[in-house]
Amino acid sequence: MVGQKCTAPHQHTWGAISYHNAIVCGIEDSATMDSNGQLKARLRVLFTNPTHREMLPCSFYLEGDCRFDDAQCHYSHGELIDAENLGEYTEPNFTRLARNCVVLAKLPDRLWYKGRVLCANFVEQLCRVRLDKKDNKRERDFSFDDLLPIFHGL
């Protein structure tokens, strides 16, 4: 299970719960199988497209050098999630990118922000995106590597 991609719930600081892409980075000590063959364990996951600072993986933790514990660090050491609460990972589908598609786009602060596609260049694998984030440079070009298309219910 370690290294497996999934979707996992995240409870935001204001209480809302939403599912985000994640990767399993560890299994807590007591993992068992129930009579139905379901894994009963708490898994540690790191979010791959963090949208808020508390979801952003701590680079010191990843290197094994964070001097803070989970509760004191401003960044994520992973979240403990019951295995049965994990969802299936869906690979991003870039072939469906078109004008007005909703995407998450990664900025230099390593956080992912919501925006809409203005145009897509499939040859160079670039997209021009208008970010919902209000700053001086709302329209930017992004490599497909820094985009996550969001297609709800399709």
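All values derive from a computational prediction rather than experimental measurement.
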Taken to the nearest 0.5 Å, the spacing of S143 OG from N121 CG works out to 11.0 Å
Using the rule that two of Ile, Leu, Val, Met, Phe, Trp, Tyr join whenever any of their side-chain heavy atoms come within less than 4.5 Å, decide whether V2 and I23 are in one cluster. no
Heavy atoms, side chains only, cut-off 4.5 Å: are K106 and L111 in contact? no
What about the rings of H20 and H52, do their centers lie closer together than 6.0 Å? no
Side-chain touch P50/P57, heavy atoms, less than 4.5 angstrom: yes
Ring of Y75, cation from R53 - is the NZ or CZ under 6.0 Å from the centre and inside 45° of the axis? yes
Just how far is it from atom CZ of F68 to atom SG of C73, taken to the nearest 0.5 Å? 7.0 Å
Value rounded to 0.5 Å, distance of CZ in R99 from CZ in R128: 11.5 Å
Does E139 have more than 12 heavy atoms from other residues, nucleotides or ligands lying within 6.0 Å of its CD? yes
Nearest heavy-atom neighbours spanning A8 and I81: CB-CG1, 4.5 Å
Mind checking whether L118 and V129 have side chains closer than 4.5 Å, heavy atoms only? no
K5 and E91, any side-chain heavy atoms less than 4.5 Å apart: yes
Mind checking whether W14 and H12 have parallel, tilted or perpendicular rings, split at 30° and 60°? parallel
I would like to know whether D70 and L80 meet side chain to side chain contact (heavy atoms under 4.5 Å, CB included); could you show each step before the answer? CA-CA 11 Å; D70 294 357; L80 289 175; over 6 Å; no
Connected via hydrophobic side-chain network under 4.5 Å: V117 and L147: yes
Please give me the minimum heavy-atom distance between L97 and A120, naming the atom from each residue. CB-CB, 4.3 Å
Under a 4.5 Å cut-off applied to non-hydrogen side-chain atoms, are C25 and V45 in contact? no
Is there a donor-acceptor contact under 3.5 Å linking the side chains of E54 and H74? no
Taking NZ, NE, NH1 and NH2 as the nitrogens, is one of them in R44 or E28 under 4.0 Å from a carboxylate oxygen of the other? yes
What heavy-atom pair brings T7 and E88 nearest, and what distance separates the two atoms? CG2-O, 3.5 Å
If Ile, Leu, Val, Met, Phe, Trp and Tyr residues are connected whenever their side-chain heavy atoms lie under 4.5 Å apart, and connections chain through other members, are L62 and F47 in the same group? no
Heavy-atom check, side chain of F142 versus side chain of L131, under 4.5 Å: yes
Can you name the nearest heavy-atom pair linking Q72 to D69, along with the distance? N-OD1, 2.9 Å
Counting C-beta onward and ignoring hydrogens, is there a side-chain heavy-atom pair between N21 and Y89 closer than 4.5 Å? yes
Does a sphere of radius 6.0 Å around CZ in R110 hold more than 12 heavy atoms from other residues, nucleotides or ligands, not counting ones at 6.0 Å or beyond? yes
If you count every heavy atom of other residues, nucleotides or ligands that lies below 6.0 Å from F60 atom CZ, does the total exceed 12? no
Can you tell me how far CG of D146 sits from CG of D141, rounded to the nearest 0.5 angstrom? 11.5 Å
Is the shortest heavy-atom distance from the side chain of M55 to the side chain of S76 under 4.5 Å? no
Drop me the distance from T51's OG1 to L56's CG, to the nearest 0.5 angstrom. 10.0 Å
F144 and F94 aromatic ring geometry - parallel, tilted or perpendicular at 30°/60° bounds: parallel
Of all heavy-atom pairs between V103 and P149, which one has the smallest distance, and what is that distance? CG1-CA, 3.9 Å
Identify the heavy atoms of L107 and Y113 that sit nearest to each other, and give their distance. CD1-CD1, 3.3 Å
dist L43:CG -> N85:CG (nearest 0.5 Å) comes out at 10.0 Å
